[in-house]
Structures are given as structure tokens and as C-alpha cells.
Amino acid sequence: MELQNLTEGVNKIIPKVYEDAIQPTAKVIGQMGETIAKAINTALIPLRLIVWKAEEIENSIKTGLEEKMKNISLDEIQTPNPRIAGPTLEGLRYTAQEKELREMYTSLLANSMNKKVAPNVHPSFPDIIKQLCSEEAKILEFLSYSNPIAKIDIKIFPKNSSQGFSHYLKNFSLISKLSFVENHQKANLYLDNLIRLSLIHIENDNFFLTEEFYSDLINSKEIISLIDETKNNNTTFNLTEGNITLTTFGKEFCNCCIEKKDMLCLNIKTE
């Protein structure tokens with residue numbers, strides 16, 4: 001009964017608010033921005049009554065939404081699915097200070113309010129963001145522009161010995177450097193979590209056969225140092241090429257949760 005009364009109350013409020021939202025409130029300068037802001041407010045009114053508890057979160061998310069939705073026509077803005085909006089706004093209570101995750105949540109909410117894009121927003125996306133750290137968000141953003149990324153495995157064997165390999169470098173790539181991850185030592189931990197969430201896939205048998213694809217990686221100081229070490233220690237090595245790629249699910253997640261910029265310019269020295 002309480003939910004029914006709440007719904008009826010919202011239905012009575014929305015027509016009046018929408019009428020106010022579409023009336024001009026300013027002259028030509030800035031009029032479009034104000035109209036979009038009001039349309040967004042209208043679409044979010046039901047969530048104000050159901051979900052929001054912290055006013056600062058509401059103000060922050062509305063500012064982000066206005067920027068992300070400024071080029072969307074008013075008739076394409078809708079009230080988001082509560083299954084998406086509820087967990088998204090709840091997640092912002094704990095990650096509002098982490099830029100990368102905050103941007104992901106805001107982009108997800110904006111896309112769930114876009115009638116054209118909303119059907120592509122999976123209900124699991126808010127929970128996936130909840131399980132990411134900011135460093136993993138950086139990796140996903142880079143992969144959304146540069147997919148796939150070269151990786152190699154290196155096994156080192158003692159020469160003239162039947163013993164197994166004595167050293168194993170697994171899934172080594174430059175992805176942590178290219179995506180500006182601060183803690184490179186945790187790169188494989190981040191990749192393992194992204195694999196666990198079915199966002200990325202490691203391919204070992206479907207590798208690219210062009211030398212250029214792997215040149216930066218093989219010529220990196222880490223690999224050169226490791227190869228020099230094998231020469232000095234009377235050992236030999238085996239190198240296996242592969243790649244790190246987004247899954248189909250991962251691509252859809254990035255499309256919905258990562259805002260596309262005009263161009264991602266990276267100039268990273270790998271020496």
C-alpha cells in the first residue's frame with residue numbers, strides 16, 4: 001500500500017514538474033543548458049523519493065549527468081531503471097572520491113537515462129563497478145581504445161638439464177604502463193580480477209603473427225634484462241606470445257560505463 005501511494009504521488013508530481021521544465025527560464029544564452037538540467041531533474045524525481053539519502057551525492061551526480069547528456073535531445077531522456085539507478089547511486093556513496101569509479105557510475109547512469117542506449121545496459125554493471133579498483137578502471141579505459149594488447153609468457157630452463165623450467169614470467173605486458181597504473185607490481189592481480197569478472201580474456205593460441213605487434217614488449221627493459229640474465233646464468237628461455245582482449249561482455253560494459261573521448265593520445269617510452 002505504501003509503495004502504491006508513493007507511485008501515485010510521483011505520478012501526480014511529474015506532470016507539473018515536467019510542465020515547469022519545458023517552459024523557458026532564460027534568454028537564448030544558456031537556455032539549452034538549463035532546459036537539459038530541468039529535463040534531467042524531471043527524470044530523476046522518482047529516484048529522489050526512493051533512493052537518494054545524501055544531498056551531496058545528488059548534486060554531484062546531476063552535475064556530471066548534465067555534462068554527459070548535454071547533446072541528447074530532451075525526448076530521449078527517461079527515468080532510469082531502478083535496478084540500475086539504485087545500486088549505482090548506492091555505490092557512489094562509497095566511491096565518490098575515486099575519480100575513475102565515479103566517472104564509471106555517472107556514465108552508466110547517463111546511458112540508462114538515454115532511451116536509445118538503455119537497452120544495452122545490463123543490470124549487473126553497477127555490481128561489477130563495485131568490485132573494481134581505480135587501477136582496474138584505468139586498464140579497462142585503455143583497452144576500450146586499444147584492444148587487444150600484446151602479452152608474452154617466458155619460461156627459463158637450465159641448459160643441458162632435464163629439469164623443468166626454473167622461472168616463469170606469465171602474462172607480461174605493458175598494459176599497466178600504458179594505462180598509467182601506479183602499482184605495476186600488481187598488474188597481474190588486476191588482470192586476474194578482470195578475468196574473474198568476465199571482462200577480459202587472455203589468449204595464448206590466437207596470437208598475432210606480426211613482429212610489430214610485439215616489438216615494444218619484447219624490447220622493453222624488463223624483457224631485455226631477463227634475456228641477458230639467461231645468457232649469464234647458462235640458461236635458455238622459451239617465449240610464448242599471446243594477447244589480452246576484452247570479452248564481448250567486457251566491450252558492452254566499457255561502452256556503457258566508459259565515456260568515449262575524441263582521442264586517447266599516449267606517448268609512452270618503454271625502454
4.5 Å side-chain heavy-atom contact, Leu143 and Ile175 | yes
Point-to-point distance, once rounded to the nearest 0.5 Å, from NZ of Lys155 to NZ of Lys170 | 10.0 Å
Start with the C-alpha distance between Gln131 and Arg196, add both sets of side-chain angles, then the distance that settles side chain to side chain contact (heavy atoms under 4.5 Å, CB included), and finish with yes or no.
-> CA-CA 10 Å; Gln131 300 178 67; Arg196 179 185 69 86; 3.0 Å; yes
Here the pair of heavy atoms bringing Ile77 nearest to Lys115 is O-CE, 4.0 Å
Look at the side chain of Thr247 and the backbone N and O of Ser198, then say whether any donor-acceptor pair between them is shorter than 3.5 Å.
-> yes
Output the distance between atom OG1 (Thr248) and atom CG (Leu199), rounded to the nearest 0.5 Å.
-> 12.0 Å
Using side chain to side chain contact (heavy atoms under 4.5 Å, CB included) as the criterion, list what pairs up with Ser73, not counting sequence neighbours.
-> Asp75, Glu76
Results of side chain to side chain contact (heavy atoms under 4.5 Å, CB included) for Ser107 - residues two or more places apart only | Lys68, Glu259
Set of salt bridge (charged side-chain N to carboxylate O under 4.0 Å, His left out) partners for Glu252, sequence neighbours left out | none
Within-4.5 Å side-chain heavy-atom neighbours: Asn81 and Ser112 | no
Considering all heavy atoms of both residues, which atom of Arg83 and which atom of Pro123 are nearest to each other, and what is their separation?
-> NH2-CB, 3.6 Å
Nearest 0.5 Å, what's the CD1-OH distance between Ile200 and Tyr190?
-> 13.5 Å
Non-hydrogen atoms of Leu108 and Val121 that approach each other most closely | CD1-CG1, 3.4 Å
Verify side chain to side chain contact (heavy atoms under 4.5 Å, CB included) between Leu197 and Phe253, making sure each step is shown before the conclusion.
-> CA-CA 11 Å; Leu197 295 170; Phe253 175 82; over 6 Å; no
Do you know the tightest heavy-atom contact between Thr88 and Ile84?
-> OG1-O, 2.6 Å
Between Asn111 and Cys256, what is the shortest heavy-atom contact and its length?
-> ND2-O, 2.7 Å
Roughly how far apart are Cys257 SG and Glu100 CD, rounded to 0.5 Å?
-> 14.5 Å
Sequence neighbours left out, what passes ring pair (Phe, Tyr, Trp, His ring centres under 6.0 Å) with Phe249? Give chain and number order.
-> His122, Phe125
Interatomic spacing from CG in Leu189 to SG in Cys133 - rounded to 0.5 Å | 7.5 Å
For residues Ile72 and Asn114, report the shortest heavy-atom separation together with the two atoms involved.
-> CD1-ND2, 3.4 Å
Among all residues two or more places apart in sequence or in another chain, which pass the side chain to side chain contact (heavy atoms under 4.5 Å, CB included) test with Glu182?
-> Glu135, Lys138
Please name the residue in the list Ile149, Leu194, Leu178 that meets the side-chain contact (heavy atoms from CB on, under 4.5 Å) test with Ile139.
-> Leu194
Can you find a heavy atom in the side chain of Met104 that is under 4.5 Å from one in the side chain of Ile258?
-> yes
Side chain to side chain contact (heavy atoms under 4.5 Å, CB included) between Asn171 and Ile244, intermediate numbers included = CA-CA 8 Å; Asn171 295 334; Ile244 303 169; 5.6 Å; no
Should Leu109 and Val117 be regarded as members of a common hydrophobic cluster, given that ILVMFWY residues are connected when their side-chain heavy atoms come within less than 4.5 Å of each other, either directly or indirectly?
-> no
How about Thr106 and Glu67: do any of their side-chain heavy atoms sit closer than 4.5 Å?
-> no
With a 4.5 Å limit on heavy-atom distance, are the side chains of Ile223 and Ile154 in contact?
-> yes
Separation of Ser146 OG from Leu246 CG (nearest 0.5 Å) = 10.5 Å
Qualifying residues under side chain to side chain contact (heavy atoms under 4.5 Å, CB included), relative to Ala150, sequence neighbours excluded | Phe213, Tyr214, Leu217
